[in-house]
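Remember, it's a predicted structure, so these values are computed and weren't measured experimentally. In what follows, chains carry the letters A, B, and so on, assigned in the order in which the sequence lines appear, proteins first and then strands, with residues in each chain numbered from 1.
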Amino acid sequence: MIRVRFAPSPTGALHIGGGRTALFNWLFARHNNGKFILRIEDTDRTRSTKEAVQTILHGLEWLGIDWDEGPNSDGNFGPYFQTERMEIYKKYADQLIKEGKAYYCFCTPEMLEEKRKLAAQKKEAPKYDGACRELSKNPGGPFVIRFKMPIGEITEVEDLVRGKVKFENDLLDDFVVVKSDGVPTYNFAAVVDDHLMEISHVIRGDDHLSNTPRQIVLYKAFGWKLPAFAHIPMILGPDKARLSKRHGAASVIEYRDLGYLPEAVINYIAKLGWGYKDQEVFSRQELIDLFTLEAVSKNAAIFDIEKLKWLNGNYIRTALPERIVDLCEPLLFDAYGKQDLAYISKIVRLFLDRLKVINEITDLTPYYFNDDFPFDEKAKKYLGSEDSSKIINTLKDKLVGVAPFIKDNIEKMFKQLAEEMKVKLGVIIHPCRAAVSGRVETPPMYDVLEVLGKDRVNKRLSKYPQ
RNA sequence: GGCCCUAUAGUCUAAUGGCUAGGACGCGACCCUCUCAAGGUCGAGAUACGGGUUCAAUCCCCGUUAGGGCUACCA
């Protein structure tokens, strides 16, 4: 049975990188008819919050990544919050102590900090010196539990993405497995949980590759079977530094709020570090069908917002128009007040080919809602001259006679007028566009006029000198 | 500092020990056209550097450089 897990620590919203780790795990599980488990690693009690748990859950839900076991959907391997598993960790820590594979360490953080500084000065590896390793007497006071790293051995990580990676145990510390407050550290809790939850494949970020030997050594100490490991490359910002808030929106939910569709975000992050032939656009089912760890790339990828935008525009164009209308509606209400829904629907449909991001809709549409919309400098150039005033006046007179006021009839009228005036269509349309929208860029003029309606159009054209 | 990972255009990637190194975003031009989009056609643009192995290296090996990660009583 394939069992994988996504194990975020709830210290903030679901990050793009976390979202992709979740996605790869989820795709791997779904592809193999396995289970996808969500485990909350909240052992950092100072930084973990309940709110963060909720935002992570919402982020996953928005992406459509559902979990078979985890918060709100219990399986047989819970609890799925690490803070609710404290007795379990204690039991296994005690076992290590009893077997002489771990020991109590009474060094204070201050002492350790001092030693680290000294080592740095002497340009030596800042590594725990094993002071408490063979303590005969208990000096009392607070203590941590350290793992007794087997020295003189090589620990090999067999990674599904990177191949074989070797580490010398001697370079690894006697790392802490239980903190002085009795809470296990990440490396210890993850191993205990992954074993107990029968995780078959550990798929996680590259940043954990260097931690893997520490975990393997624990598996060995317990005599447990190793899971398969797959370390996927990191996502970086444009400056090649680890993607973070500094680079703009870094959390999944922010992309929702910015006007991206979840399927676009899924498609984009799936392609970041994974690919299938020359294909760019994948449905969710295609991703499940085609995803394999073998096709995961080894190199870190830079998050490219432009490509995400392109994909998003793509999905907007292929989505059901009603859905896009629904997404635009609250934004337009917010910007321009409550509006007639049928009117909104007509407007949004004019912009389906023009939106890359849903939220752009408000900036594109002020002239549909206000008569004192802003005027571009370029648009002004089409107005004010004697010629343009004449054109607009003539146009206004002709428009009165167009009935019903629909684009086919409007088009006929424009073409007739152009012929009568012996000018090209553009000569009439450009000033008209400027007058009714204040812009030089709009959807096709006949559509715009129809949607605006005869009254509004007439009113706007009337503003110009007789 | 030590250890580990990575290296194909600005970005994401494909490819084989042997064709003009393929695709996508972005960029430019053109077509379409009432403008902007969308769509279509075309174009510029890459194997980090230096050594090997080989008849032949983007691919295999070594080194350098660059970037990233770990080196916490964070995860």
Side-chain angles (χ1 to χ4, degrees), chain A residues 7-11 41-44 46-48 105 107-109 112-113 116 119-120 122-127 142-146 157 159 161-162 165-168 171-173 175-181 183-187 189-190 204-214 231 233-234 236 238-242 268 271-281 297-311 313 317 350-356 364 378-379 382 411 414 418 424-430 432-434 437 439-446 448:
Chain A
S9 66
T11 54
E41 305 212 331
D42 51 355
T43 53
D44 182 345
T46 58
R47 295 196 306 147
S48 299
C105 169
C107 299
T108 63
L112 295 170
E113 184 54 36
R116 260 196 294 273
K122 287 195 276 184
K123 293 202 189 281
E124 284 169 6
K127 166 182 178 208
F143 60 86
V144 300
I145 297 177
R146 283 182 186 274
V157 180
D159 192 275
V161 175
R162 272 145 229 286
V165 185
K166 295 176 183 177
F167 296 86
E168 274 181 63
L171 267 11
L172 270 22
D173 254 333
F175 59 92
V176 173
V177 292
V178 178
K179 306 180 220 173
S180 56
D181 60 0
V183 178
T185 58
Y186 161 72
N187 280 314
R204 78 226 308 188
D206 216 351
D207 46 339
H208 290 295
L209 183 58
S210 299
N211 273 317
T212 310
R214 286 176 242 276
H231 288 93
M234 312 238 73
L236 312 177
D239 59 355
K240 292 179 191 279
R242 200 180 183 137
Y268 180 69
K271 281 276 299 171
L272 216 51
W274 174 85
Y276 179 76
K277 297 188 175 169
D278 277 349
Q279 195 169 337
E280 295 291 337
V281 180
S297 111
K298 285 202 260 273
N299 30 346
I302 292 171
F303 189 84
D304 180 13
I305 191 74
E306 290 304 321
K307 185 139 187 185
L308 207 210
K309 275 189 184 164
W310 169 76
L311 264 171
R317 270 173 261 132
L350 292 185
F351 287 92
L352 256 20
D353 276 354
R354 274 154 264 260
L355 289 175
K356 277 202 159 81
L364 291 170
K378 281 183 193 161
Y382 282 111
E411 179 173 359
F414 266 85
K424 283 208 267 184
L425 263 176
V427 174
I428 306 173
I429 285 178
H430 293 310
C432 175
R433 167 174 289 115
S437 75
R439 304 192 165 208
V440 293
E441 303 165 3
T442 72
M445 202 68 261
Y446 315 135
V448 172

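Here A:T43 lies in heavy-atom contact (under 4.0 Å) with sugar-phosphate atoms only. At the heavy-atom level, A:V165 lies under 4.0 Å from the strands shown only through sugar-phosphate atoms. Among the atoms of the strands shown, base atoms are found under 4.0 Å from some heavy atom of A:H208. Using a 4.0 Å heavy-atom cutoff across all strands shown, A:G273 reaches sugar-phosphate atoms only and no base atom. Across all strands shown, A:S9 has heavy atoms under 4.0 Å from sugar-phosphate atoms exclusively, and none from any base. At a threshold of 4.0 angstrom between heavy atoms, the contacts of A:E41 are confined to the sugar-phosphate backbone, with no base atom among them. Counting any heavy atom pair closer than 4.0 Å across all strands shown, A:T185 reaches sugar-phosphate atoms only and no base atom. Across all strands shown, A:F175 has no heavy atoms under 4.0 Å from either base or sugar-phosphate atoms. Within the nucleic acid shown, A:R439 has no heavy atom closer than 4.0 Å to any nucleic acid atom. Contacts of A:V176 with the nucleic acid, taken as non-hydrogen atoms under 4.0 Å apart, involve only primed sugar atoms and P, OP1 or OP2. A:P443 comes within contact range of at least one nucleobase, with a heavy-atom separation under 4.0 Å. Contact annotation for A:D44: backbone-only contact, meaning every heavy-atom pair under 4.0 Å involves sugar-phosphate atoms and none involves a base. Across all strands shown, A:R214 has heavy atoms under 4.0 Å from sugar-phosphate atoms exclusively, and none from any base.
When each of A:W310, A:W274, A:F303 is tested with A:Y268 by the rule ring-ring contact (aromatic ring centres under 6.0 Å, His included), just one qualifies, namely A:F303.
For A:P109, whose side chain is taken as the heavy atoms from C-beta onward, the closest listed nucleotide among B:G69, B:C73, B:C34 is B:C73. Closest contact between the side chain of A:M445 and the listed nucleotides B:C34, B:C4, B:G26 involves B:C34. For A:L209, taking side-chain heavy atoms from C-beta onward, the closest of the listed nucleotides B:C5, B:C12, B:A37 is B:C5. Closest to the side chain of A:M234, from the set B:C3, B:G26, B:G68, is B:G68. Checked against B:U11, B:C4, B:G23, the side chain of A:D304 finds its nearest nucleotide in B:U11. When the nucleotides B:C5, B:C36, B:C73 are ranked by their closest atom to the side chain of A:E441, B:C36 comes out on top. Of all nucleotides listed (B:U35, B:G22, B:A75), B:U35 comes nearest to the side chain of A:P444. When distances run from any side-chain atom of A:A301 to the nucleotides B:C12, B:C34, B:A37, the shortest one goes to B:C12. Set against B:C73, B:G26, B:A38, the side chain of A:R317 has B:A38 as its closest nucleotide.
Under the Watson-Crick or G-U wobble criterion, with both distances below 3.5 Å, B:A66 is paired with B:U6. Both distances falling under 3.5 Å, in either a Watson-Crick or a G-U wobble arrangement, occur for no nucleotide opposite B:U58. A 3.5 Å limit on both hydrogen-bonding distances identifies no Watson-Crick or G-U partner for B:G26. Remark: B:U35 base-pairs with no nucleotide; criterion is Watson-Crick or G-U wobble with both hydrogen-bond distances under 3.5 Å. The nucleotide B:U20 finds no pairing partner, because no Watson-Crick or G-U wobble arrangement with both distances shorter than 3.5 Å includes it. Applying the Watson-Crick and G-U wobble criteria (two distances, each under 3.5 Å), B:U47 pairs with nothing in any strand. With a cut-off of 3.5 Å on both pairing distances, B:A72 has no Watson-Crick or G-U wobble partner at all. In this structure B:A15 sits in no base pair that meets the Watson-Crick or G-U test at under 3.5 Å.
OP1 or OP2 of B:U13 sits under 4.0 Å from a side-chain N or O of A:S297. In this model, the phosphate group of B:G10 is not approached by any side-chain N or O of A:K307 to a distance below 4.0 Å at OP1 or OP2. Neither OP1 nor OP2 of B:G67 sits under 4.0 Å from any side-chain N or O of A:R242. An OP1 or OP2 oxygen of B:A15 is reached within less than 4.0 angstrom by no side-chain nitrogen or oxygen of A:K277.
One can place CZ of A:R433 at 15 Å from P of B:U33, the figure rounded to the nearest angstrom. Taking atom CZ of A:F167 as the reference point, atom P of B:C3 lies 12 Å away to the nearest angstrom. Here the C1' atom of nucleotide B:A72 and the CG atom of A:D207 are 15 Å apart, to the nearest Å. As rounded to whole Å, 11 Å separates atom P of B:G26 from atom CD of A:E280. Whole-Å rounding puts the A:F303 CZ to B:C12 C1' distance at 12 Å. Going from atom CZ of A:R162 over to atom P of B:G69 covers 13 Å, rounded to whole Å. In this entry the distance linking CG of A:D278 with P of B:G22 reads 11 Å, nearest Å. For A:K298 and B:U13, the NZ to P distance is 13 Å, given to the nearest whole Å.
With hydrogens and angles ignored, a donor-acceptor pair closer than 3.5 Å exists between the side chain of A:N211 and the base of B:A75. Evaluation of atom-type donor-acceptor distances gives a pair under 3.5 Å for the side chain of A:R354 against the base of B:C36.
Two residues are said to be in side-chain contact when any heavy atoms from C-beta on lie closer than 4.5 Å; A:V165 and A:H231 fail this criterion. Side-chain contact between A:S437 and A:V448 is absent, with no heavy-atom pair separated by less than 4.5 Å. Looking at A:I428 and A:M445, their side chains never come closer than 4.5 Å, going by heavy atoms from C-beta outward. Using a 4.5 Å heavy-atom threshold, the side chains of A:T442 and A:L350 count as separate.
Side-chain atoms of A:T185 come within 3.5 Å of backbone atoms of A:V176 as a donor-acceptor pair (strictly under, hydrogens ignored). Not one N or O on the side chain of A:S9 forms a donor-acceptor pair closer than 3.5 Å with the backbone of A:T11.
Heavy-atom distances to RNA chain B give each of A:K166 and A:Y446 a nearest nucleotide, and the one nearer the 5′ end belongs to A:K166. Nearest-nucleotide positions on RNA chain B place A:W274 closer to the 5' end than the other of A:N187 and A:W274.
One C1' atom belongs to B:U65, the other to B:C74, and the distance between them is 32 Å to the nearest Å.
Other residues, nucleotides and ligands contribute over 12 non-hydrogen atoms within 6.0 Å of the CZ atom of A:F351.
Side-chain atoms of A:S297 and A:N299 include a donor-acceptor pair closer than 3.5 Å.
At a threshold of 4.0 Å, the pair A:R146-A:D173 does not count as salt-bridged, since none of the basic side-chain nitrogens sits closer than that to a carboxylate oxygen.
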